[in-house]
K.L.:
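What follows is a structure written as structure tokens; I'll ask about it next.
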Amino acid sequence: MSKKTTHTKLFESSLVKEALKESFIKLSPSKMFRNPVMFTVWIGTIVMAGVCIWIAQGEKNQGSLAYNITVTAVLLITLLFANFAEAIAEARGKAQADSLRKTREDTPAKLIQVIGEMYVNEIKIVPSSQLNKGDLFLCEAGDIIPSDGEIIEGLATIDESAITGESAPVIREAGGDKSSVTGGTKVLSDAIKVKVTTDPGESFLDKMIALVEGASRQKTPNEIALTILLAGFTLVFIIVTVTLKPFADYATTPITIAAFISLFVCLIPTTIGGLLSAIGIAGMDRALRANVITKSGKAVETAGDVDVLLLDKTGTITIGNRKATHFHVAPGVDALHFTQCAVLSSMADETPEGKSIIELAGVNPSTYTVNHPRYIKFTAETRSSGIDFDHTRIRKGASDAITKLVTSAGNAVPPQVDDAVKKISSNGGTPLVVSENEKVLGVIELQDIIKPGISERFERLRKMGIKTVMVTGDNPLTAKFIAEKAGVDDFIAEAKPEDKMNYIRKEQTSGRLVAMMGDGTNDAPALAQADVGVAMNSGTQAAKEAGNMVDLDNDPTKLIEVVEIGKQLLMTRGTLTTFSIANDVAKYFAIVPALFITSIPALQSINIMKLHSPESAILSAVIFNAIIIPLLIPLALRGVAYKPIGASALLRRNLLIYGLGGVLVPFIGIKIIDLVIQSFL
């Protein structure tokens with residue numbers, strides 16, 4: 001079971017202490033300037049401090065000293081609460097980084113010596129910090145892997161719990177898409193030779209530590225746009241507040257500086273202004289707690305806007321352990337000879353499918369004697385593999401690939417073999433045709449199982465408005481069967497690397513955002529092209545470099561969870577923005593009538609809350625404005641609960657709960673605060 005979180009409590013005492021200290025440090029003008037909304041509150045606080053000094057020196061027209069000090073203190077507390085929201089989010093990220101630093105140790109490495117340009121079997125023990133890209137090291141049972149790399153020889157069981165939190169060991173081996181190892185993990189059995197793929201200070205752990213540090217987070221485009229919008233609101237309310245002065249003079253209503261600043265602070269969207277950074281940091285933090293490392297906040301945010309999702313069939317939609325279940329022998333071919341050829345074609349096939357063919361045959365390949373064998377590896381281009389020896393050429397592969405090979409030599413495919421291929425495909429299986437010297441011998445049937453509950457997950461995505469696309473190397477018949485059974489919207493059959501790229505580009509040209517997951521080197525171009533590319537941690541270095549997220553759990557369905565995290569981030573920002581702006585309506589009705597009600601009695605009709613006095617109205621509003629920020633911090637960090645109910649339904653719910661609620665809650669809160677402070681005025 002994966003350890004999804006490092007901290008179970010939202011506010012741990014150590015994190016709160018660190019955040020409180022940071023709240024005061026963040027009062028520095030250089031730090032406050034980055035948040036236009038809160039910077040204007042900071043200026044207002046400085047002005048109020050000056051007013052207090054002015055009153056202490058004998059000024060009589062700005063209210064009592066105690067009242068002005070109280071307003072100044074509440075404004076300062078508002079700033080501290082806003083800083084605390086950002087600091088607590090950053091502290092959670094830094095705590096995660098500290099736990100990763102414990103994993104990154106300067107472990108000893110068994111460096112394989114190089115003489116000239118040749119590696120020799122001489123081992124030299126060096127610190128991991130001295131390993132450079134291209135070096136080769138040996139790891140045996142019990143060793144900590146000193147650096148990121150690719151296994152070039154051997155197979156080993158590895159404990160990755162220090163990185164992923166997953167207690168179950170995993171197998172990594174040379175070749176294929178499970179060859180990548182991460183520094184800080186531990187070899188449990190066997191021995192491997194690993195080639196270093198990163199320079200010192202650039203390992204996966206180093207990047208993880210830098211990424212989870214809240215301070216290193218860059219603002220996303222949507223966040224920048226919202227910051228500009230909030231700055232615009234702030235500018236508008238500066239004008240509104242300033243223009244009240246001539247109205248007050250005309251109505252012969254004295255308004256103090258404290259009242260003007262309080263009105264301004266209450267009208268600008270301080271709630272979302274104070275929580276905006278915390279929401280963004282918490283979005284990356286939630287992704288990390290789902291064991292997904294994001295290379296930028298933009299990646300998480302983009303995931304929330306994804307329109308098209310590309311998913312591999314094997315391991316994502318199906319269980320992934322395709323097994324050979326039956327041999328279909330062509331007419332006139334000896335069954336024993338077919339079995340022998342099927343086994344020979346799978347001798348160099350390290351995939352689970354290849355191993356299952358040998359298992360189904362029930363023979364030991366070492367009993368077959370072949371002279372000077374040349375093994376043909378499977379490639380996405382040829383979609384076949386096999387063996388050449390003496391004057392014999394045995395191939396095993398997709399039906400269309402073997403058909404093309406056979407017909408190009410002037411031979412025909414028996415109708416019975418065609419029928420078997422169609423029947424296997426229509427039942428959701430995968431047919432592999434075997435040929436010898438360009439003559440078809442028969443078909444191997446592979447079967448996979450669709451993952452339970454996957455169709456329900458696709459239905460959730462459909463409700464989000466996301467199109468799901470299955471990518472598979474299977475023939476169109478098999479692909480269609482699996483796609484229909486799983487509930488996928490579209491599929492790409494007999495897919496080659498360039499097919500994924502072309503599909504992604506086509507969708508992007510239509511203005512859609514595309515996400516995909518991959519683990520192999522051949523997935524790297526498509527991962528780089530996709531708007532959201534999630535690479536498996538167990539995959540190749542090329543895939544991890546190309547993607548903008550890395551899934552530590554190696555769970556192919558994690559892409560669906562990433563999309564939901566992105567949606568939740570956007571929803572949280574939207575709902576709190578709605579709530580913040582709606583708050584201003586109530587605060588307007590609290591302060592403005594209180595300021596003018598004595599000189600303009602007609603305003604009594606909009607004095608809905610019947611507040612005690614102008615002073616209590618102003619204090620109640622600014623106090624509520626301050627305390628609402630910490631009350632909403634848990635919501636900003638946890639995120640608004642997301643349900644896949646469609647955009648219009650989400651908008652209605654948002655307006656009902658956070659729009660209407662944002663108007664009503666301040667009316668109630670301000671009135672309660674007014675009743676409490678009446679006795680102090």
Side-chain angles (χ1 to χ4, degrees), residues 34-35 85-86 89-90 92-93 96 207-208 210-231 272-310 461 464-467 504 507-508 511-517 527-535 546-551 558-580 635-644 647 650-651 654 658:
R34 292 179 298 179
N35 187 333
E86 182 176 5
E90 289 178 356
R92 285 159 64 85
Q96 188 76 20
K207 291 177 181 177
M208 284 173 65
L211 288 168
V212 300
E213 295 274 11
S216 67
R217 188 188 70 92
Q218 299 297 312
K219 286 188 176 181
T220 63
N222 279 354
E223 191 173 343
I224 292 171
L226 183 55
T227 301
I228 294 170
L229 176 65
L230 296 180
I272 186 61
L275 296 173
L276 190 57
S277 294
I279 294 167
I281 295 169
M284 291 184 70
D285 185 55
R286 280 195 296 277
L288 179 64
R289 289 163 196 274
N291 274 5
V292 176
I293 297 296
T294 61
K295 295 185 180 179
S296 69
K298 181 181 177 181
V300 180
E301 196 171 275
T302 304
D305 285 328
V306 159
D307 302 299
V308 181
L309 201 57
L310 264 65
L461 289 169
M464 295 180 202
I466 297 172
K467 176 184 177 183
I504 292 171
E507 293 291 342
Q508 289 173 332
R512 298 184 180 93
L513 294 177
V514 183
M516 78 159 286
M517 176 171 273
L527 285 170
Q529 180 67 36
D531 299 286
V532 178
V534 184
N548 48 25
M549 295 187 185
V550 179
D551 174 27
K558 187 64 69 65
L559 197 50
I560 299 171
E561 193 170 345
V562 168
V563 170
E564 292 184 345
I565 290 170
K567 294 272 187 192
Q568 188 181 36
L569 169 63
L570 294 173
M571 264 193 61
T572 302
R573 188 180 294 152
T575 51
L576 289 181
T577 301
T578 303
F579 185 85
S580 178
L635 184 62
L637 297 183
R638 288 199 180 101
V640 175
Y642 175 72
K643 294 180 181 179
L650 280 174
L651 178 62
N654 186 9
Y658 296 95

K.L.:
Within the side chain of Gln568, is there an N or O that forms a donor-acceptor pair under 3.5 Å with the backbone of Val640?
P.N.:
yes

K.L.:
Supply the atom-to-atom distance Lys467 NZ to Leu310 CG, rounded to the nearest 0.5 angstrom.
P.N.:
9.5 Å

K.L.:
Does the Ser580 side chain pair with the main chain of Leu576, one donor and one acceptor, at a distance under 3.5 Å?
P.N.:
no

K.L.:
Apply side chain to side chain contact (heavy atoms under 4.5 Å, CB included) to the pair Lys567 and Ile466, showing each step before the final yes or no.
P.N.:
CA-CA 12 Å; Lys567 294 272 187 192; Ile466 297 172; 4.2 Å; yes

K.L.:
Could you give the distance from CG (Leu229) to OG1 (Thr577), rounded to the nearest 0.5 Å?
P.N.:
8.0 Å

K.L.:
Working to the nearest 0.5 Å, report the span between CG of Leu230 and CD1 of Ile272.
P.N.:
7.0 Å

K.L.:
Can any side-chain N or O of Asp531 pair as donor or acceptor with the backbone N or O of Val514 at less than 3.5 Å?
P.N.:
yes

K.L.:
Are the side chain of Thr572 and the backbone N or O of Ala636 linked by a donor-acceptor pair below 3.5 Å?
P.N.:
no

K.L.:
What pair of heavy atoms forms the shortest contact from Ala85 to Ala278, and how long is it?
P.N.:
O-CB, 3.3 Å

K.L.:
Hey, mind stepping through Val292 and Val300 against side chain to side chain contact (heavy atoms under 4.5 Å, CB included) and telling me if it holds?
P.N.:
CA-CA 10 Å; Val292 176; Val300 180; over 6 Å; no

K.L.:
If you measure from CE on Met516 to CG on Leu309, what distance do you get to the nearest 0.5 Å?
P.N.:
10.0 Å

K.L.:
Applying side chain to side chain contact (heavy atoms under 4.5 Å, CB included) to Asn35 and Leu276, what does each step give before you reach the verdict?
P.N.:
CA-CA 9 Å; Asn35 187 333; Leu276 190 57; 5.7 Å; no

K.L.:
Do Glu301 and Leu570 come within less than 4.5 Å of each other through their side chains, counting heavy atoms only?
P.N.:
yes

K.L.:
Rounded to the nearest 0.5 Å, what separates atom CG in Leu635 from atom OH in Tyr658?
P.N.:
5.0 Å

K.L.:
Which atom names give the shortest non-hydrogen contact between Arg512 and Asp307, and what distance separates them?
P.N.:
CA-OD2, 3.4 Å

K.L.:
Looking only at atom types and distance, does a side-chain atom of Gln508 sit under 3.5 Å from a main-chain N or O of Gln529, one as donor and one as acceptor?
P.N.:
yes

K.L.:
Within this structure, what is the CD-CZ distance for the pair Glu86 and Arg34, rounded to the nearest 0.5 Å?
P.N.:
6.5 Å

